[in-house]
Amino acid sequence: MTVSLTLVLIAGALFGCGVTLLLSRSLVRALLGVLLMGNGVNLVFLLASGPPGRTPILTEADKSGVPIGPEGISDPLPQAFVLTAIVITLATTAFTLALAHRSWQIGRTDVVADDVESQRTHERAVANDMSDSDFVSTAEPAPPEGPDTEFIEREGRDVSAEEAEAETEEVPGADDVPAGVGETGPGPEGRP
Amino acid sequence: MLIWLLIHFLAAVCAPLLVKVLGRKAFWLLALPSAGTAVWALLNIGWTQTPHEERYPVVPSINAALDFRIDSLSWVFTLVVSVVGAAVLAYCAGYFSNKETDLYRFAAHLTGFAGVMLGLVWADNLLGLYTFWEITTVLSYLLVGHLSEKAESRAAAMQALVVTTFGGLAMLAGMIMLGHASGTYRVSEILAHPPAPNVYIGVALALMLVGALTKSAQVPFHFWLPGAMAAPTPVSAYLHAAAMVKAGIYLIARFAPTFADYDPWRWMVFAFGGLTMLIGGYRAMRQTDLKLILAFGTVSQLGFLVILVGGGTADFALAGITLVVTHAIFKSGLFLSVGAIDHATGTRDIRRLNGLGRKMPVLAVASTLCAASMAGIPPLLGFVSKEAAYTAMWNSDHPWQPVMLVVIVAGSVLTFAYSARFVWGAWATKDPAAERTETHPNPPVVVAPTVLMAALSVLFAYPSPLFEPVVRPWTSGMPSSEHPVHLGLWHGLTPALGLSALTIALGVVLFVFKRQVFSIQAALPDLPRAAQGYRLIMRSLDRLSLESTGLFSRGSLPMTLTTVLAVFVLFPGSAVAAAYLHLPELKVVIWDHPAQALVGIVMVAAAIGAIRARRRFRGVFLVGVTGYGTALLFLLHGAPDLALTQVLVETVSVVVFVLVLRRFSSRFRDQYSLIGRGWRLGVGILSGAVFAAAVMLAPQLRVAPPDSTSLPVSAYQFGGGLNIVNVILVDTRAWDTMGEISVVLVAATGVASLIFLRQATFSDLLQRIRQTRDVDLTAPGRWISSAKVVPDERRSLMFEVVTRLIFHAIQVWSVYLLLTGHNAPGGGFAAGLVAGLGLTVRYLAGGAAELRAAMPVMPGTLLGIGLFLSAGVGLVSMLAGGAVLQSWTFDIPVPLIGNVHLVSSTFFDIGVYLVVIGLILDILRSLGANIDGQIARAPVGSQLGLGARR
């Protein structure tokens, strides 16, 4: 399929200018960039339909079949897609402008500010700040102590587990090992 | 078998409701599916001899089916899982109080787990096995983190999840490799016809073993199991002693008969299992929490099991499967007794318990029997399995046999020692002078399961030889030695008996001298812990993610876009460049029509001007020029419909821009440094170049004929129209159009909701519209109806006259476009835009009042009716027996006019028409009238938004 160089250059120029505008901080300018890009892309559909022919409106002679291309009609399928795209672009334009208006109402500017969260992440990365991590200390977490249920039934009423644990005290000499020594999990350095 | 899975699933789904209604008694009901499964399995004991298969095709074309199979191995596991499950669920009925947090969720998870575990042992398909495996991982995570407010629970649950999922993924990789090499994913077929041993299969098996090792808490992945003791005791008893950790054992047992002789299998199994057995036992000796003693004990026993079931001979297999059953019995009994102690006294710390044996004699005896079975004391079931293990290892001719024998004897000595520690720590009277620990009575169901398990340990010991024929079909597939192992309490004076005696003697010594042992252990240097390695790895991951995120995301939108465009330029760009090098010839013409070049020059000039424009309106108009230029190009390309719509849309766009930008400053507010402008321009040029190159390349490579070759004929035959584009929009691809008008509706709603911020303004508008309908606005002598309302300085007589003259013509023309669209350029979109522009003209002439007079309805009404009409056409067509959105043609003879040729897709087009009018009306109301109101209400100084010097 042959390609029209002019259309290619126009589409490329529109797309490139659109990208340049898209990278602006102003919302309205970015919208203008999107519109330029949209026009460029619509032209690509034309390119995809090949060399042009007649309008795709059938005459009596066409009803029994007509070729697609310079001898017959232009390819109608890409045209239908472009139509859809054009109307959706209009809806998008209206919505984006409403957004810009709202932004203007609030801050008297339509410049999109930098995201605060991402900036904070960047600063933390630069400062090697790991305070958000769950694994800051490589010591193991303390294993659970005491009952593993929330409530224990005591003669018809429910006692909380902490109270139940507090009822028992350490028995002197209960373990044949010196007091204070005993492994409940990690070594003595383990309390984070 | 699927039935039982569904019953379990149903029970899990109903569990929250049952718990909310019945409280903790609901657990009795939830234990029924497990109990039922156990009974069903016992009734079908014949399946151990002849395996039973069920197959449910899911997607026949790719051979995907649900495969289930019970043979003797799965049968034993089924029984273990269901009996222990029923006991644990019944135990929960007495263990929890009714006020326990989120008990309903717990019940659902635990019941679901029972079903999923059964699915795991029944699955005959590698991927089905993997699915059930991972579901057990997730359920374990949920159960361990049951007390989700506690940080320790959450940390432990996350740890278990990360480690077992890591193993699961490795296992999946191994499974896919194995399945790929065998050509099938059915386990029974792979085992029957295994692929030949080579490096690839070796790697696959190693990966699968990693999965089993992580699940069964082997060194160095063992640390998650003691951490998982944060879960309530029933969970520890079921998942982390009897069921979930046995999944790894099951996997090893399933694949060992065929693959034990393959390269990495035996040494991996022996090395990791042996290490685990010793380390687990060693650390169990240092614990003071009863649950942790049992946890490390489980780790050690799992190491033992891995050695046995992975050994790959009939002897090892028999000993292994016996130990599986034995271990499930005594471990669950022990865990449940710890829970009972917890409940009675409020603590599990052996330093605080004193004299419990006298106060809770029944539980003490049962618990001690279970512990004795664990230690391998005759005449209990544990002794039978340990004897079998010793015999198997003694008879083995593997080169590592002496070392492994020492390992398992040493491990068993440690097992005896920590069992003794458990019994002493829980039940003994350590200080006769001090008070005995206070106990509160336990409900019988809390004590019963331990008693049951103790009874089984005693009762099954003597008849243990009867177990052999049950598993013989499985063990007979493996090589056996000249003196095969048999189960039984007494075999005569065998070397194994000597080893057992040695074990018991050394264990007693370790227990009696526990003080010295403890000092030695305390004095030994602390070896690096695997858990610390885990934390180190996770911390490095956190660090990596922080650095990489910080590098790329700085919060600046242009920066992010540049990253995206850089990738676009690099990757598709290089691919396009490479494609050009291989292109034989470039089929290019300069233009299709010389006018294309002229229009193109203007468009490109306008685009470049738009980049440089600093004033808002200049930018808008220059972009509008490119839009009109595009319309001309459409026309030159034989697309008049497109050109029409493009021109109309461009006009409406300009109107919308003006309506909004009148409030803004006249110049753009963003400033850039030289570098900023430079890279924006650079990125733009590069992207445009890559885009142009790609767009020129793609049509060169096209070989297929256009899809629309058959469209001209069928457009008239089925669509009843001559305008093919319109037929495509409302008939062939009507769904796309439906989607499009939905998008338009959503955008219109968005615009309205951004402008009408308060309900009050909205209600005011409704009020005013209703008033307009009632009031008679036909004022004689005026060109437009709201002439009285508009202040004199804003009126333009020329405009009013022209509006009056053309408005009705515009509307008639829009209806004409709508109706002829099917056979000539036009259609719903163009017609709607024309009608909307007519409304715009009236609004511009007379303001909000004029708009209300022109169209006294809410935009929502129009949008809704339009969408309803379009969707309704599709629905009616379906109800009439055709396809959705099919077109029907009617020829209605009307007297005096002739045949009226109606096509049903016209109604679809009318729906589109209404939606587009609704959009424009919405824009005029929100961005036009409402903003007018805002300007009027604003303080005097800021009313001049446009043109102010800033």
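In what follows, every chain begins at residue 1, and chains take the letters A, B, ... in the order their sequences are listed.
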Enquirer: Non-hydrogen atoms of chain A under 4.5 Å away: do they reach the side chain of B/Ile923, the backbone, both or neither?
Expert: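 When you check distances to chain A, only side chain atoms of B/Ile923 fall under 4.5 Å.
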Enquirer: Which heavy atom of B/Val725 sits nearest to which heavy atom of A/Pro56, and what is that distance?
Expert: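 Closest heavy-atom pair between B/Val725 and A/Pro56: CG2-CG, 3.8 Å.
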Enquirer: Could you walk me through whether B/Val660 and A/Val28 pass the side chain to side chain contact (heavy atoms under 4.5 Å, CB included) check?
Expert: CA-CA 10 Å; B/Val660 174; A/Val28 175; over 6 Å; no
Enquirer: Considering only heavy atoms, which portion of A/Ile73 lies under 4.5 Å from any heavy atom of chain B: side chain, backbone, both, or neither?
Expert: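 Contact with chain B is through the side chain of A/Ile73 alone.
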Enquirer: Of the backbone (N, CA, C, O) and the side chain (C-beta and beyond), which part of B/Leu927 lies under 4.5 Å from a heavy atom of chain A, both, or neither?
Expert: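 The side chain, not the backbone.
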Enquirer: Please check if the side chain of A/Arg25 supplies one atom and the backbone of B/Tyr672 the other of a donor-acceptor pair under 3.5 Å.
Expert: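 Not a single qualifying donor-acceptor pair exists.
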Enquirer: Do you know which of B/Leu551, B/Leu686, B/Leu729, B/Val746 has the most heavy-atom pairs under 4.5 Å to chain A?
Expert: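 Among the listed options, the one with the most contacts to chain A is B/Leu729.
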Enquirer: Does the B/His637 side chain pair with the main chain of A/Gly50, one donor and one acceptor, at a distance under 3.5 Å?
Expert: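 Side chain of B/His637 to backbone of A/Gly50, a donor-acceptor pair under 3.5 Å: yes, one is there.
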Enquirer: May I ask you to name which of B/Ser519, B/Ser556, B/Pro825 has the most heavy-atom pairs under 4.5 Å with chain A?
Expert: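 Result: the option with the highest number of such pairs is B/Ser556.
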Enquirer: Please name the pair of heavy atoms, one in B/Ala610 and one in A/Leu21, separated by the smallest distance, quoted to 0.1 Å.
Expert: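 Answer, listing the atom of B/Ala610 first, then A/Leu21: O-CD2, 4.0 Å.
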Enquirer: So which of B/Val604, B/Val620, B/Thr626, B/Val744 has the largest heavy-atom pair count under 4.5 angstrom toward chain A?
Expert: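 The candidate making the most pairs under 4.5 Å is B/Thr626.
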Enquirer: Heavy-atom pairs under 4.5 Å with chain A are the metric here; pick the option from B/Ser926, B/Ser548, B/Pro640 that has the most.
Expert: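 If we count pairs closer than 4.5 Å to chain A, B/Pro640 comes out on top.
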Enquirer: With respect to chain B, which residue among A/Asp115, A/Ile10, A/Leu22, A/Ile86 yields the maximal number of heavy-atom pairs within a distance under 4.5 Å?
Expert: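 Greatest number of close heavy-atom pairs with chain B: A/Ile86.
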Enquirer: Under 4.5 Å from any heavy atom of chain A, what part of B/Ile608 do you find: side chain, backbone, both or neither?
Expert: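 For B/Ile608, the contact with chain A is made by backbone and side chain together.
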Enquirer: Pick one of side chain, backbone, both or neither for B/Leu586, based on which atoms fall under 4.5 Å of a heavy atom in chain A.
Expert: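 Interface part for B/Leu586: neither.
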Enquirer: Among A/Leu99, A/Leu9, A/Asn42, which residue forms the greatest number of heavy-atom pairs with chain B at distances under 4.5 Å?
Expert: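 Maximum pair count with chain B is reached by A/Leu99.
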Enquirer: May I ask you to decide if A/Leu77's main-chain N or O and B/Arg733's side chain share a donor-acceptor pair within less than 3.5 Å?
Expert: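 The answer is no, because no donor-acceptor pair under 3.5 Å joins these two groups.
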Enquirer: Give a yes or no answer on whether the side chain of A/Arg29 reaches the backbone of B/Ile611 with a donor-acceptor pair at less than 3.5 Å.
Expert: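 Yes, because the side chain of A/Arg29 sits within donor-acceptor range (under 3.5 Å) of the backbone of B/Ile611.
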Enquirer: Apply side chain to side chain contact (heavy atoms under 4.5 Å, CB included) to A/Thr20 and B/Val683, showing your working.
Expert: CA-CA 7 Å; A/Thr20 311; B/Val683 171; over 6 Å; no
Enquirer: Apply side chain to side chain contact (heavy atoms under 4.5 Å, CB included) to residues A/Leu32 and B/Phe657 and explain how you reach the verdict.
Expert: CA-CA 10 Å; A/Leu32 291 179; B/Phe657 265 107; 3.8 Å; yes
Enquirer: Between B/Asp922 and chain A, which part of the residue has a heavy atom less than 4.5 Å away: side chain, backbone, both or neither?
Expert: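 Contact with chain A involves no heavy atom of B/Asp922 at all.
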Enquirer: Sort and list the pairs that fulfil side-chain hydrogen bond (donor to acceptor under 3.5 Å, both in side chains) and have at least one residue in residues 45-59 of chain A, not counting sequence neighbours.
Expert: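 Checked against side-chain hydrogen bond (donor to acceptor under 3.5 Å, both in side chains) - neighbours excluded - the pairs reaching residues 45-59 of chain A are A/Arg54-A/Asp62, A/Thr59-A/Asp62.
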Enquirer: Where on A/Ile68 is there a heavy atom nearer than 4.5 Å to chain B: the side chain, the backbone, both, or neither?
Expert: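 Side chain of A/Ile68 only, per the 4.5 Å heavy-atom cut-off to chain B.
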Enquirer: Under a 4.5 Å cutoff for heavy-atom pairs, which residue among A/Pro76, A/Pro51, A/Ala91 has the most contacts with chain B?
Expert: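 Highest number of heavy-atom pairs under 4.5 Å: A/Pro76.
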Enquirer: Among A/Leu7, A/Leu97, A/Val116, which residue forms the greatest number of heavy-atom pairs with chain B at distances under 4.5 Å?
Expert: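 Among A/Leu7, A/Leu97, A/Val116, the one with the most close pairs to chain B is A/Leu97.
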Enquirer: Among the options B/Ala692, B/Gly339, B/Ala689, pick out the one with the most heavy-atom pairs lying under 4.5 Å from chain A.
Expert: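 Looking at each option in turn, the highest pair count goes to B/Ala692.
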Enquirer: Can a donor-acceptor pair be found, under 3.5 Å and without considering hydrogens, that links the side chain of A/Thr6 to the backbone of B/Ile590?
Expert: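 Yes; judged by distance alone, with no hydrogens or angles, the pair exists.
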Enquirer: Given that the side chain runs from C-beta out, which part of B/Leu659 has a heavy atom under 4.5 Å from chain A: side chain, backbone, both or neither?
Expert: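 When you check distances to chain A, no heavy atom of B/Leu659 falls under 4.5 Å.
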Enquirer: Side chain to side chain contact (heavy atoms under 4.5 Å, CB included) between A/Val87 and B/Leu919: does it pass, once the steps are laid out?
Expert: CA-CA 11 Å; A/Val87 178; B/Leu919 171 70; 5.6 Å; no
Enquirer: Checking side chain to side chain contact (heavy atoms under 4.5 Å, CB included) between B/Thr645 and each of A/Thr84, A/Leu83, A/Leu90, which is the one that passes?
Expert: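 Only one of A/Thr84, A/Leu83, A/Leu90 forms a side chain to side chain contact (heavy atoms under 4.5 Å, CB included) with B/Thr645, namely A/Leu83.
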Enquirer: Below 4.5 Å, heavy-atom pairs only: which of B/Gly638, B/Pro443, B/Gly688 has the largest tally toward chain A?
Expert: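 When all of B/Gly638, B/Pro443, B/Gly688 are compared, B/Gly638 has the most.
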Enquirer: Measure distances from B/Thr737 to the heavy atoms of chain A and classify the residue's part below 4.5 Å as side chain, backbone, both or neither.
Expert: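 Neither; nothing under 4.5 Å.
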Enquirer: Quick check on the interface: out of A/Leu43, A/Thr109, A/Asn128, A/Asp129, who has the most heavy-atom pairs with chain B under 4.5 Å?
Expert: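 Among the listed options, the one with the most contacts to chain B is A/Asn128.
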Enquirer: Is B/Val588 in contact with chain A via its backbone, its side chain, both, or neither, using a 4.5 Å heavy-atom distance?
Expert: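 For B/Val588, the contact with chain A is made by backbone and side chain together.
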Enquirer: Could you tell me which of A/Thr89, A/Thr92, A/Val126, A/Asp110 has the largest number of non-hydrogen atom pairs under 4.5 Å with chain B?
Expert: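 The candidate making the most pairs under 4.5 Å is A/Asp110.
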Enquirer: Under 4.5 Å heavy-atom distance to chain B, tell me which part of A/Val66 shows up: side chain, backbone, both or neither.
Expert: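 Interface part for A/Val66: both.
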